[in-house]
Amino acid sequence: MTNETQDFEHLIVESKGAVATITINRPKQLNALNEEVLFELEEAIFEHLDPETIRVIVLCGAGDKAFVAGADIEEMRDLGPEQALAFARQGQALTRALETLPQIVIAKVQGFALGGGCELAMACDLIIASEKAKFGQPEVGLGLIPGFGGTQRLTRRVGLPVALDLLCTGKQRTLSGSEAFTLGLVSRVVHHDALDSEVDKVVSAILKNGPEAIGEVKRLCREAYNMTLEAGLSSEASAFSNCFAREEAQIGLSAFLNKTDPGFDKV
Ligand code: CO8
């Protein structure tokens, strides 16, 4: 299995087999998101990663302190309303695109995930957090509101009472990894030192399963937010039926009955 590293100014992009790891690499600014980082993320994910090979993307922040401490406040200071609209749309297009990728995107959150950082993590399919992580939406303290989907995704994830509390009290209330887990914001929380190994464990578990089945599960679960139960169930039934027209299901079913390994992680 070959390791590949691609060069970006603010990202470290490494691919190993079916897994790509993208590290936002501005540790001195706590990995704050500026326009260039957003462009590089788009480029890395949509132009550089081979969709035929990569099945899981792990997104993380450099250093031990922050996943992403928000949009870059220094860059935002000079924005006018039109540029702010373009910046918000750019961030929203990226976060929306992550949700519709066939790959599973995992946010590995070891520290601060604030403002745009929390919003970026919420667009990922899974958030795996250290108990030392800190999630929050402090924008109102800057006289701003979230612009990368925070009011929408946080409300859908944790419900209106907690979302409004976090969004209105700003930096006065951040959630630890454990609180975020209890509230349904993150998928798993582990001891800080166990974060890397937990992410590896989740990645290898995903890779052992049928790639097309995983893509369909992601699509259907994502669509569930925007559908009536009836429409969602109908969509699931069609997708279930389609599985039986694919080789992948034949491989998986036969492997179970023959007590062999389907080998999905060796594709
Ligand atoms: N942008 C730019 N630089 C940052 C940011 C940021 N978001 N966060 C931290 N930094 C920089 C600091 O300025 C500091 O730089 P320097 O060493 O040059 O002074 C360095 O990172 C280290 O930070 P601190 O010294 O502050 O570290 P502390 O451990 O004392 O504090 C905190 C850590 C609590 C994370 C603190 O840095 C902080 O409060 N950061 C800002 C968090 C924040 O408010 N984030 C939300 C930003 S707004 C946003 O994300 C909106 C998203 C949608 C935009 C829509 C488009 C319009």
Side-chain angles (χ1 to χ4, degrees), residues 8-12 22-42 59-99 105 107-124 127 129-158 162-180 185-186 192 195:
F8 289 88
E9 196 181 339
H10 303 300
L11 304 179
I12 302 168
I22 301 180
T23 307
I24 298 169
N25 189 27
R26 300 184 77 212
K28 285 191 183 138
Q29 294 84 11
L30 303 186
N31 306 316
L33 302 171
N34 60 18
E35 200 185 32
E36 279 177 36
V37 175
L38 296 185
F39 278 125
E40 288 196 353
L41 281 169
E42 277 165 19
L59 195 56
C60 52
D64 202 40
K65 205 167 162 182
F67 170 70
V68 168
D72 190 311
I73 296 173
E74 197 172 336
E75 186 177 270
M76 282 194 298
R77 186 178 46 190
D78 299 326
L79 295 182
E82 273 181 32
Q83 293 155 310
L85 180 64
F87 188 43
R89 287 197 170 140
Q90 186 189 8
Q92 290 186 2
L94 172 69
T95 50
R96 195 72 195 100
L98 292 176
E99 292 175 330
V105 187
K108 178 165 85 174
V109 179
Q110 85 289 31
F112 293 111
L114 300 177
C118 187
E119 294 172 292
L120 181 62
M122 285 192 289
C124 297
I127 302 177
S130 146
E131 59 196 3
K132 285 191 183 168
K134 285 195 189 310
F135 295 87
Q137 299 284 166
E139 288 91 340
V140 287
L142 303 167
L144 297 176
I145 67 163
F148 297 162
T151 59
Q152 304 305 304
R153 291 194 181 92
L154 188 63
T155 308
R156 283 168 169 77
R157 286 243 178 154
V158 302
V162 175
L164 272 176
D165 185 343
L166 285 165
L167 289 159
C168 294
T169 59
K171 69 177 177 189
Q172 187 267 331
R173 186 175 184 203
T174 52
L175 302 176
S176 68
S178 305
E179 286 172 291
L185 179 60
V186 311
H192 192 68
L195 184 59

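As the structure lists them, so they are numbered: ligands from 1, and atoms in each ligand from 1. All figures in this text were calculated on a predicted structure; none of them were measured in a lab.
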Trainee: Just need the protein heavy atom nearest to atom 44 (O) of ligand 1, so name the residue and atom and give the distance.
Mentor: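 In this structure, atom 44 (O) of ligand 1 has Pro138 CG, 3.5 Å as its nearest protein heavy atom.
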Trainee: To the nearest 0.5 Å, how far apart are CZ in Phe39 and CD in Glu9?
Mentor: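 Phe39 CZ to Glu9 CD: 13.5 Å, rounded to 0.5 Å.
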Trainee: With atoms numbered from 1 as shown, which atoms in ligand 1 lie under 4.0 angstrom from a non-hydrogen atom of Asp72?
Mentor: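 Near Asp72, meaning under 4.0 Å from one of its heavy atoms, ligand 1 has 1 (N), 2 (C).
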Trainee: Any heavy atom of Met76 sitting closer than 4.0 Å to ligand 1?
Mentor: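 Checking ligand 1 against Met76, which is what was asked, there is a heavy-atom contact under 4.0 Å.
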Trainee: Just let me know how Ala32 lines up against ligand 1, side chain, backbone, both or neither, with a heavy-atom cut-off below 4.0 Å.
Mentor: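 Side chain only.
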Trainee: If you count the atoms of ligand 1 from 1 in the order shown, which ones are under 4.0 Å from a heavy atom of Ala84?
Mentor: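 That gives atoms 57 (C) of ligand 1.
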Trainee: Please state which protein non-hydrogen atom is closest to atom 52 (C) of ligand 1 and give its distance, to 0.1 Å?
Mentor: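 Result for atom 52 (C) of ligand 1: Glu119 OE1, 3.5 Å.
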Trainee: Might you check, step by step, whether the distance between atom 1 (N) of ligand 1 and some protein heavy atom is under 4.0 Å?
Mentor: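 Flag for atom 1 (N) of ligand 1 set to true, protein heavy atom closer than 4.0 Å.
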Trainee: When you compare the side chain of Ile24 with that of Leu120, does any pair of heavy atoms fall below 4.5 Å?
Mentor: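 The answer is yes, as the side chains (C-beta and beyond) meet within the 4.5 Å cut-off.
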Trainee: Name all residues meeting the side-chain hydrogen bond (donor to acceptor under 3.5 Å, both in side chains) criterion together with Lys134; count only those two or more places apart in sequence or in a different chain, and write none if there are none.
Mentor: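 Testing Lys134 for side-chain hydrogen bond (donor to acceptor under 3.5 Å, both in side chains), a comparison that skips the adjacent residues, returns none.
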Trainee: When rounded to the nearest 0.5 angstrom, what is the spacing between CG in Asn31 and CG in Leu114?
Mentor: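 The CG atom of Asn31 sits 11.5 Å away from the CG atom of Leu114.
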Trainee: Starting from atom 56 (C) of ligand 1, find the nearest protein heavy-atom neighbour and note its residue, name and distance.
Mentor: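 Going atom by atom, the protein heavy atom closest to atom 56 (C) of ligand 1 ends up being Phe87 CD2, 3.2 Å.
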Trainee: Working to the nearest 0.5 Å, report the span between CG of Asp165 and CD of Gln137.
Mentor: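 Asp165 atom CG to Gln137 atom CD measures 12.5 Å (nearest 0.5 Å).
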Trainee: Can you tell me the protein heavy atom closest to atom 5 (C) of ligand 1 and the distance?
Mentor: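 Checked against all protein heavy atoms, atom 5 (C) of ligand 1 sits closest to Gln29 O, 3.9 Å.
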Trainee: Going by a strict under-4.0 Å cutoff (protein heavy atoms only), does atom 41 (C) of ligand 1 have a neighbour on the protein?
Mentor: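 Within 4.0 Å: yes, protein heavy atom nearby.
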Trainee: Check the pair Glu35 / Leu38 against side-chain contact (heavy atoms from CB on, under 4.5 Å), numbers first and verdict last.
Mentor: CA-CA 5 Å; Glu35 200 185 32; Leu38 296 185; 5.8 Å; no
Trainee: Which protein heavy atom lies closest to atom 38 (C) of ligand 1, and at what distance to 0.1 Å?
Mentor: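 For this ligand atom, the closest protein heavy atom is Leu114 CD1, 4.8 Å.
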Trainee: So which protein heavy atom does atom 23 (O) of ligand 1 come closest to, and at what separation?
Mentor: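 Atom 23 (O) of ligand 1 sits closest to the protein heavy atom Leu30 CD1, 3.7 Å.
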Trainee: Determine whether any protein heavy atom is located less than 4.0 Å from atom 18 (O) of ligand 1.
Mentor: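 No, there is none.
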Trainee: What atoms of ligand 1 come closer than 4.0 angstrom to any heavy atom of Gly116?
Mentor: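 It comes down to these atoms of ligand 1: 49 (C), 50 (O), 52 (C).
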Trainee: To the nearest 0.5 Å, tell me how far Ile12 CD1 sits from Asn25 CG.
Mentor: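 If I round to the nearest 0.5 Å, the distance is 4.0 Å.
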Trainee: Out of Gly149, Pro146, Ala71, indicate the one that has the non-hydrogen atom closest to atom 50 (O) of ligand 1.
Mentor: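 Shortest heavy-atom distance from atom 50 (O) of ligand 1: Ala71.
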Trainee: Side chains of Leu167 and Val140, heavy atoms from C-beta outward: is any pair under 4.5 Å?
Mentor: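 They are not in side-chain contact.
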Trainee: Any protein heavy-atom neighbour for atom 12 (C) of ligand 1 (distance below 4.0 angstrom)?
Mentor: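 Protein heavy atom within 4.0 Å of atom 12 (C) of ligand 1: absent.
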Trainee: Would atom 26 (O) of ligand 1 count as contacted, meaning some protein heavy atom under 4.0 Å?
Mentor: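 False for atom 26 (O) of ligand 1.
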Trainee: Enumerate, atom names and distances included, each donor-acceptor pair closer than 3.5 Å involving a side-chain atom of residues 63-71, sequence neighbours excluded.
Mentor:
unit_1, atom_1, unit_2, atom_2, d
Asp64, OD1, His192, NE2, 3.0
Asp64, OD2, His192, NE2, 3.3

Trainee: So, does Leu144 sit close enough to ligand 1 that a heavy atom of it is under 4.0 Å from the ligand?
Mentor: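 The answer is no, since Leu144 has no heavy atom less than 4.0 Å from ligand 1.
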Trainee: For atom 8 (N) of ligand 1, which protein heavy atom lies nearest, and how many Å away is it?
Mentor: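 Closest protein heavy atom to atom 8 (N) of ligand 1: Ala69 CB, 3.7 Å.
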Trainee: Could you check whether atom CD1 of Ile145 has more than 12 heavy atoms from other residues, nucleotides or ligands sitting under 6.0 Å from it?
Mentor: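 Open: at most 12 neighbouring heavy atoms sit under 6.0 Å from CD1 of Ile145.
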Trainee: Does some non-hydrogen atom of Gln137 fall short of 4.0 Å from ligand 1?
Mentor: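 Gln137: no contact with ligand 1 (<4.0 Å).
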Trainee: Might you work through the side-chain contact (heavy atoms from CB on, under 4.5 Å) test for Arg153 and Thr95, ending with a clear yes or no?
Mentor: CA-CA 10 Å; Arg153 291 194 181 92; Thr95 50; 3.4 Å; yes
Trainee: Considering only NZ, NE, NH1 and NH2 on the basic side and carboxylate oxygens on the acidic side, decide whether Glu36 and Arg26 come within less than 4.0 Å.
Mentor: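 No, this pair does not count.
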Trainee: Quick check for you: to the nearest 0.5 Å, what is the distance between Leu142 atom CG and Ile73 atom CD1?
Mentor: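 If I round to the nearest 0.5 Å, the distance is 4.5 Å.
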Trainee: Could you tell me the residue and atom name of the protein heavy atom closest to atom 55 (C) of ligand 1, and the distance to it rounded to 0.1 Å?
Mentor: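 Nearest neighbour among protein heavy atoms for atom 55 (C) of ligand 1, to 0.1 Å: Gly147 CA, 3.5 Å.
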Trainee: Counting only heavy atoms, which portion of Leu142 has something under 4.0 Å from ligand 1: side chain, backbone, both, or neither?
Mentor: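 Contact part for Leu142 vs ligand 1: side chain (C-beta onward).
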Trainee: How far does CE of Met122 sit from CZ of Arg156, to the nearest 0.5 angstrom?
Mentor: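 Rounded to the nearest 0.5 Å, the CE-CZ separation comes out at 11.0 Å.
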Trainee: Within 4.0 Å of atom 31 (O) of ligand 1 (strictly less), any protein heavy atom?
Mentor: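 Given the 4.0 Å limit, the answer for atom 31 (O) of ligand 1 is no, no protein heavy atom qualifies.
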Trainee: Got an N/O contact under 3.5 Å between Ile73 and ligand 1?
Mentor: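 There is such a contact, yes.
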Trainee: Given the rule in the side-chain contact (heavy atoms from CB on, under 4.5 Å) test, do Glu179 and Val162 qualify, once you have shown the distances and angles that lead to the verdict?
Mentor: CA-CA 11 Å; Glu179 286 172 291; Val162 175; over 6 Å; no
Trainee: Mark the output for Lys28 as yes if a heavy-atom distance to ligand 1 is under 4.0 Å, and as no if none is.
Mentor: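 Yes.
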Trainee: Could a heavy atom of Lys65 be found less than 4.0 Å from some atom of ligand 1?
Mentor: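 Lys65 counts as a contact of ligand 1 under the 4.0 Å cut-off.
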